[in-house]
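Along the sequence shown, the residues carry numbers beginning at 1.
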Amino acid sequence: MSDLHLSSIIPKIKARKWFILQLAISRLVVLALLLASDLLVPLPSSVENPPALYSMPSSRRSLSWLSSPFQRALGTFEVWDSVHYLRLSSLERGVHPRLEDIAFHRFYPGLIKFSSDLIECVTSLKVPPTMISLTISNASFVVSGLLLSLYAEMTLTTSATFLRTLEYIYILTPSNVFNSTTNVESVISTFIYLYYFLKLFKYDGLYGAGFVAFLAGSCKSTGGVAIAVTAIYNVLVHLFGPTARQSSSLLFHNGVEAVMAITPIFLHDKNMRDTFCDPNNIAHKVSQGYPQICSDGGWMYKNVQQHVWETGWPFSYWKFKNIPHFFLAGCTCYFVFEGLYVWCGVFCRRVRSKLEIPQHESISKHLVNVAFDSAGRTRPYLQTLRSYSKVLSLSCSLLLPASAPKSPAQPPLSPNSKTQGSRHEDTMTPPEFWALMDVQPFASPSLSMHMVSMVFLAMLVMIMAHVNIVTRIVASHCMSFYWVLAGRITAGAADLQVIFDDPTNHTRALCSYLLIFNVVGIIMYSNYLPWV
């Protein structure tokens, strides 16, 4: 990948004019559907008069019906987390946030406020923060979609079928309703994807990928965690891989990027602790109802999770009453762990091939045979250590970001394929299926860092937070989520029409799920019903 240049991006962007237009149109459609849902579907009686937490100055729910239709329309997008960001952006200088706002970083609200002040200074127009936030979030969604498509073409495959499918999936992903509102997820997507893009072009370290990592962490804690996991993973792979000595500068850059990604989390925590736990601050009185958040000197955000939102402890959200939320997140979790399963299978095949392990012998049995002879006696210690070091070094070499070549443009057909481009997975033997998956772009070992980051985030959210946010966290933070879906749809196929006409695969069911989940999400989201 060292031969990549920024000048090569311009023609690729020009070739995606239609995709960019599709992204923009899809945003307008989703926003229109949200407005229609808010007007046609009445609020549940339990939230007909939302508490102060959900009251914004421009919200239709806090204004009389004599207000302008424009103001009432803006209120449609002031729900769930967007309320916190908009309220923080509207704070006057010197005014402290509320206790409920502790978990929300100040970068995105600051960006909204800065944009509002800039527009007012240049044009003398006072644009509502909701309108500015909608513009930023939807523009970021378009940019992140473009970055995803470009990155996939440069690192995964040049297959037009795979790339078209990837782009369609990004438009239909169940999280795009959330990203179309005034929330920060689409901005995080842009920074995370840009981080990987800069790494691809060797813009490492403090003033390149490290600076973008800092911005991602400043938006939200999960943004910093996603990049930090990737950077730490790269450090470990290079430390134990065969090129550790030759890549000392790369190790240093990845270490710097990991620190930069998580630094905003600690800075935010310190700022909130100084605000709410200092007796000299007025905001200290707000936190008196929850003395636990300042008592033990622990992480402020974790304390708020435990004592205000009743989450934060491992599996604290795993209750019988929350079973519907697990159903909502079930399909997303299935795709995440199916992708991990396929990738692990492909990786083990390549390790077996490099080590020349016989087909009848498993990798674990091979490692046992390295340490013990046929009589069960231990082999010489240094010999065993050298053998294990070779296995570890070889495995890490297969995980290095640039160790594997780009996948072929068109994967070979399965021996059981009766029609060109069809898969017929149900008639394949396991070896044939794995051979087919072996050439899938998303299963490439060179992209293992993306798989690790996706699985880590999914597990973190499932264990420590609300499981129903898995969809929007994974879909906004992880490129590999879209690769898994696109790889599952296009495996072994060269034509999209052939894919949909093949009765033996589940492509129609998968696409129907994405579309139906999206439409249902629009109806539920703007009406305070649980979705993502």
Side-chain angles (χ1 to χ4, degrees), residues 1-4 147-148 151-152 154-156 188-189 191-217 221-265 336 339-340 343-344 346-347 350-351 354 389 391-406 441-460 474 477-481 483-484:
M1 299 179 186
S2 58
D3 58 338
L4 292 175
L147 290 175
L148 173 67
Y151 189 87
M154 294 180 180
T155 59
L156 272 70
I188 294 177
S189 299
F191 286 138
I192 292 179
Y193 296 176
L194 182 59
Y195 168 81
Y196 291 126
F197 222 78
L198 292 176
K199 296 287 287 183
L200 187 64
F201 287 91
K202 310 302 180 185
Y203 288 97
D204 302 296
L206 181 63
Y207 300 107
F211 177 71
V212 176
F214 182 84
L215 295 179
S221 299
T222 51
V225 169
I227 292 180
V229 169
T230 299
I232 293 173
Y233 174 80
N234 286 336
V235 168
L236 295 176
V237 168
H238 281 87
L239 280 176
F240 295 103
T243 59
R245 294 183 180 179
Q246 293 81 4
S247 58
S248 57
S249 62
L250 192 58
L251 287 171
F252 174 75
H253 289 319
N254 279 296
V256 168
E257 291 158 14
V259 173
M260 292 289 288
I262 62 175
T263 295
I265 301 175
V336 168
L340 176 66
W343 180 85
C344 288
V346 173
F347 176 72
R350 287 171 174 158
V351 171
K354 290 288 185 180
S389 298
V391 173
L392 180 61
S393 179
L394 174 64
S395 300
C396 288
S397 68
L398 293 174
L399 299 174
L400 291 173
S403 63
K406 187 184 292 186
F442 79 88
S444 171
S446 64
L447 301 169
S448 56
M449 58 182 178
H450 297 279
M451 299 297 296
V452 170
S453 177
M454 178 176 68
V455 174
F456 182 88
L457 278 178
M459 292 296 296
L460 180 67
V474 170
H477 291 53
C478 307
M479 289 183 172
S480 50
F481 177 70
W483 299 335
V484 168

Any idea which heavy atoms bring [X] and [Y] closest together, and the distance?
X: A258; Y: A228; answer: O-CB, 4.1 Å
X: M260; Y: G210; answer: CB-O, 3.4 Å
X: A226; Y: L457; answer: CB-CD1, 3.7 Å
X: V235; Y: G255; answer: CG2-N, 4.0 Å
X: V336; Y: A458; answer: CG1-CB, 4.1 Å
X: G205; Y: V256; answer: C-CG1, 4.5 Å

Just verifying a value: how many Å separate [X] [atom1] and [Y] [atom2], rounded to the nearest 0.5 Å?
X: N234; Y: L250; atom1: CG; atom2: CG; value: 7.0 Å
X: L194; Y: S189; atom1: CG; atom2: OG; value: 12.0 Å
X: M449; Y: M479; atom1: CE; atom2: CE; value: 9.0 Å
X: L200; Y: T155; atom1: CG; atom2: OG1; value: 6.5 Å
X: M454; Y: T230; atom1: CE; atom2: OG1; value: 11.5 Å
X: L147; Y: F191; atom1: CG; atom2: CZ; value: 11.5 Å

Subject >> Close side-chain approach of Y233 to S453, heavy-atom, < 4.5 Å >> reply: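 No - every pair of side-chain heavy atoms lies 4.5 Å or more apart.
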Original post:
Considering only heavy atoms from C-beta outward, does the side chain of I265 approach that of V225 to under 4.5 Å?
Top reply: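 Answer yes - side chains close enough.
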Original post:
Does A152 have any side-chain contact (heavy atoms from CB on, under 4.5 Å) partners at least two apart in sequence or in another chain, and if so, which?
Top reply: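 With neighbours one apart ignored, the set is L163, L166, W483.
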**OP:** Quick one: do F197 and F201 satisfy ring-ring contact (aromatic ring centres under 6.0 Å, His included)? Show the steps, please.
**Re:** CA-CA 7 Å; F197 222 78; F201 287 91; 5.5 Å; yes
Subject >> With sequence neighbours excluded, residues passing ring-ring contact (aromatic ring centres under 6.0 Å, His included) with Y196 >> reply: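 Per chain and number, Y196 pairs via ring-ring contact (aromatic ring centres under 6.0 Å, His included) with H450.
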Original post:
With sequence neighbours left out, what residues match F214 under ring-ring contact (aromatic ring centres under 6.0 Å, His included)?
Top reply: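 Residues passing ring-ring contact (aromatic ring centres under 6.0 Å, His included) with F214: none at all.
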